[in-house]
Amino acid sequence: AQSVAQPEDQVNVAEGNPLTVKCTYSVSGNPYLFWYVQYPNRGLQFLLKYITGDNLVKGSYGFEAEFNKSQTSFHLKKPSALVSDSALYFCAVRVDTGRRALTFGSGTRLQVQP
Amino acid sequence: GAVVSQHPSRVICKSGTSVKIECRSLDFQATTMFWYRQFPKQSLMLMATSNEGSKATYEQGVEKDKFLINHASLTLSTLTVTSAHPEDSSFYICSAKGGRRTGTGTENIQYFGAGTRLSVL
């Protein structure tokens, strides 16, 4: 079975400060890891993914994430937050074989204050 | 990135009616599409996996006769909520798994539609 944990329901950060949204995962096999962002009443937008290769992955809108195999984590980061980054962020995982559907974390609401 | 179009964006219907939601991959062929349901302030729950030309695979607890899925072509999957009731009110989101395109690495990414908010009165 595969699972994802996002331990924080909400993260608050001031504009211009760095942000981190945490994610840990559990899979049997090699993980494919993803971050998506959701704005109100909208579908999910793909931010970035880790399949293989460099542990630091760069994605859209200045976001990046670091894959840490020993800690089974894939935290989302951005050096300088913008008010427009305020949204709901989902971490997702699937394994490289078998079931292809993503398993999502519970989501973390990011609130960036001006 | 790849585009997935979902229609309609919002539906309000009376109890007992059926509602069809369409999901189209606009610029790529999607052999696999997924249907998710999202309750307020909750994560996405996978309902079913749809493969072109074959029957959908439903997750445990999802009623096959209630949520009919058809994936007739490589660019279109439909979800029909039959005899909808107020408890079916939710946000339904489809996604399509990217087809292989040389050099873009899109084949491992799921692209999502904008979602359909269903309200059953």
Side-chain angles (χ1 to χ4, degrees), chain A residues 1-10 21 23 25 29-54 57-61 63 67 87-109 111, chain B residues 1-11 21 23-25 28 30-51 56-60 62 90-99 104-119:
Chain A
Q2 53 195 42
S3 65
V4 178
Q6 290 180 246
E8 303 153 316
D9 290 338
Q10 181 157 327
V21 182
C23 171
Y25 66 91
N30 295 318
Y32 287 7
L33 294 153
F34 303 81
W35 275 101
Y36 287 86
V37 59
Q38 185 181 33
Y39 295 97
N41 295 312
R42 300 290 302 275
L44 274 68
Q45 294 180 30
F46 169 76
L47 278 179
L48 51 79
K49 65 179 171 73
Y50 170 83
I51 304 298
T52 187
D54 290 340
V57 178
K58 294 187 182 297
S60 307
Y61 313 119
F63 284 93
F67 170 63
L88 189 56
Y89 291 80
F90 289 100
C91 181
V93 68
R94 70 170 178 88
V95 292
D96 59 348
T97 58
R99 176 188 166 106
R100 301 293 183 183
L102 291 174
T103 296
F104 285 86
S106 54
T108 298
R109 184 163 299 283
Q111 196 69 42
Chain B
V3 178
V4 174
S5 174
Q6 187 172 341
H7 178 80
S9 59
R10 188 178 185 93
V11 178
I21 303 170
C23 181
R24 294 179 184 272
S25 56
F28 65 100
T31 55
T32 305
M33 289 188 174
F34 305 90
W35 288 95
Y36 293 85
R37 184 172 180 177
Q38 185 181 29
F39 291 100
K41 299 184 179 180
Q42 293 189 27
S43 188
L44 282 73
M45 300 301 296
L46 179 67
M47 297 175 66
T49 302
S50 167
N51 293 297
T57 302
Y58 289 81
E59 295 299 299
Q60 191 173 8
V62 178
S90 190
F91 193 54
Y92 293 88
I93 306 176
C94 74
S95 77
K97 185 170 175 294
T104 64
T106 63
E107 61 272 17
N108 290 306
I109 300 172
Q110 281 189 32
Y111 294 96
F112 286 79
T116 298
R117 183 160 300 285
L118 172 63
S119 299

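Proteins come first, then strands; the chains are lettered A, B, ... in the order of their sequence lines, and each starts at number 1.
- Taking CG from A:Leu102 and CZ from B:Phe34, the interatomic distance works out to 7.0 Å, rounded to the nearest 0.5 Å.
- Only the side chain of B:Ile93 comes within contact range of chain A, judged by heavy atoms closer than 4.5 Å.
- Judged by distance alone, the side chain of B:Ser43 and the main-chain N or O of A:Gly107 form no donor-acceptor pair under 3.5 Å.
- No more than 12 heavy atoms of other residues, nucleotides or ligands shown are found within 6.0 angstrom of OH on A:Tyr61.
- In this structure, the portions of A:Phe104 lying under 4.5 Å from any heavy atom of chain B include both its backbone and its side chain.
- Looking at A:Gln38, only its side chain comes within 4.5 Å of chain B, counting heavy atoms on both sides.
- When all heavy atoms are compared, the tightest approach of B:Phe112 to A:Leu44 is CB-O, 3.3 Å.
- When heavy atoms are compared at a cutoff of 4.5 Å, B:Gln38 approaches chain A solely by way of its side chain, counted from C-beta outward.
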